[in-house]
There are 2 protein chains.
Amino acid sequence: MVQYKIARLDASFAALSDATRRGVLEQLGRSDASISQLADKFHMTLTGMKKHVGVLEHAGFVTTEKVGRVRTCRLGLRRLEDEAAWIESYRQLWAARFEALDRGVEDLKRREKTSA
Amino acid sequence: MVQYKIARLDASFAALSDATRRGVLEQLGRSDASISQLADKFHMTLTGMKKHVGVLEHAGFVTTEKVGRVRTCRLGLRRLEDEAAWIESYRQLWAARFEALDRGVEDLKRREKTSA
DNA sequence: TAAACACTGAACCATATGGTTCAGTATAAA
DNA sequence: TTTATACTGAACCATATGGTTCAGTGTTTA
């Protein structure tokens, strides 16, 4: 299997493991938004939302820019390439494994072992 | 965007956010393994590995079966379909968004707003 | 200038996570 | 029958997470 940037995968899968953060990403896909707007939409305090945005920003999924007193959040440049690649790679591994199982190879091995 | 099983996505992305657990999945893609073997390979106590396997099992990625004193771990039936689908859906959203940006639509809007 | 707004940071809280050790239980091997 | 193996569960630990409140700071608006 290909070698990925481990820490980055850790951070991005962790970032995606929260429904609120996935929601924020989907929202920012529709339009940019301020922290306040996001906090309002997801029924959360400003401070709470700021933390989520911080996580997304740290994972590279979001960038922010403060103009005046408003901080605007936008989708970042990362497009989940590494994550998609890991998952795709795993799916191939999985398919190959179960194909082998279907052929009965593994079952046979197991039977030989237990009957030995 | 399509509606996914939220709790499941939470659990599976969380499960994937740890390098050891991703490693275990890749290992199990090559061959089944006992808890001891996995613990050994990932330089960890039996108890620690058992917890990781528990997380993967809870997320549906792994199934286990105890025969005698050995618990054998195998890949489960889930093949990251929902996860792949979410990511793909996000990538499309992202692409559409940046395509719009490229066309300058957003930039124009922003300029109109600030100059108003 | 005064009041309202948008954010920021520190502190706190409960719970989860990733790991350990230690004390078992059950099975297999000598 | 003793001993070694493989796992299990409880307890513990440090740190992270997801949320809050409260007390600011800086910006608009009236």
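Order of the sequence lines fixes the chain letters, A, B, ..., with proteins taken first and strands second; residue numbering starts at 1 for each chain. Computed from a predicted model, the values in this text were never measured in an experiment.
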Student: Identify the pairs formed between an N or O of the protein and an N or O of nucleotides 26-30 of chain D at a distance under 3.5 Å, and give each distance.
Tutor:
{"residue": "dT27(D)", "atom": "O2", "partner": "Arg69(A)", "partner atom": "NH1", "Å": "3.1"}

Student: For Gln37(A) and dA6(C), give me the distance from atom CD to atom P, rounded to whole Å.
Tutor: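 Going from CD in Gln37(A) over to P in dA6(C) covers 9 Å.
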Student: Are the side chain of Arg91(A) and the backbone N or O of Arg79(B) linked by a donor-acceptor pair below 3.5 Å?
Tutor: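 Flag set: sc Arg91(A) to bb Arg79(B) pair under 3.5 Å.
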Student: Select from Ala14(A) and Lys66(B) the residue whose nearest nucleotide in DNA chain D is closer to the 5' end of that strand.
Tutor: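 The residue closer to the strand's 5' end, by nearest nucleotide, is Lys66(B).
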Student: In the single-linkage hydrophobic clustering (I, L, V, M, F, W, Y; side-chain heavy atoms under 4.5 Å), do Val62(A) and Phe42(A) co-cluster?
Tutor: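 The answer is yes; both residues are in one hydrophobic cluster.
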Student: Going by atom types alone, do Glu26(A) and Trp86(B) pair a side-chain donor with an acceptor below 3.5 Å?
Tutor: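 Yes, because at least one side-chain N or O of Glu26(A) sits under 3.5 Å from a partner of the opposite role on Trp86(B).
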Student: Using the rule that Ile, Leu, Val, Met, Phe, Trp and Tyr join whenever any side-chain heavy atoms are under 4.5 Å apart, tell me whether Val67(B) and Leu46(B) fall into a single cluster.
Tutor: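 No; Leu46(B) is not reachable from Val67(B) via cluster members.
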Student: Is there a donor-acceptor pair under 3.5 Å between the side chain of Arg8(A) and the backbone N or O of Asp82(A)?
Tutor: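 Looks like no, no N/O pair under 3.5 Å.
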Student: By the salt bridge (Lys or Arg N to Asp or Glu O under 4.0 Å) test, which pairs, at least two apart or in different chains, include something from residues 56-67 of chain B?
Tutor: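 Sorted result for residues 56-67 of chain B: Glu65(B)-Arg74(B).
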Student: For DNA chain D, determine which residues of residues 39-65 of chain B have any heavy atom closer than 4.0 angstrom to one of its atoms, and list them numerically.
Tutor: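 Of all residues in residues 39-65 of chain B, the ones placing a heavy atom under 4.0 Å from DNA chain D are Leu46(B), Thr47(B), Lys50(B).
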Student: Any idea how Phe13(B) and Phe13(A) line up, ring-wise: parallel (<30°), tilted (30 to 60°), or perpendicular (>60°)?
Tutor: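 Ring orientation of Phe13(B) relative to Phe13(A): parallel.
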Student: Would you mind reading off the distance between Arg71(B) atom CZ and dA26(C) atom C1', rounded to a whole angstrom?
Tutor: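 Answer to the nearest Å: 13 Å.
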Student: Report yes or no: do Val53(B) and Phe61(B) belong to one cluster of Ile/Leu/Val/Met/Phe/Trp/Tyr joined by side chain heavy-atom distances under 4.5 Å?
Tutor: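 Linked, Val53(B) and Phe61(B) end up in one cluster.
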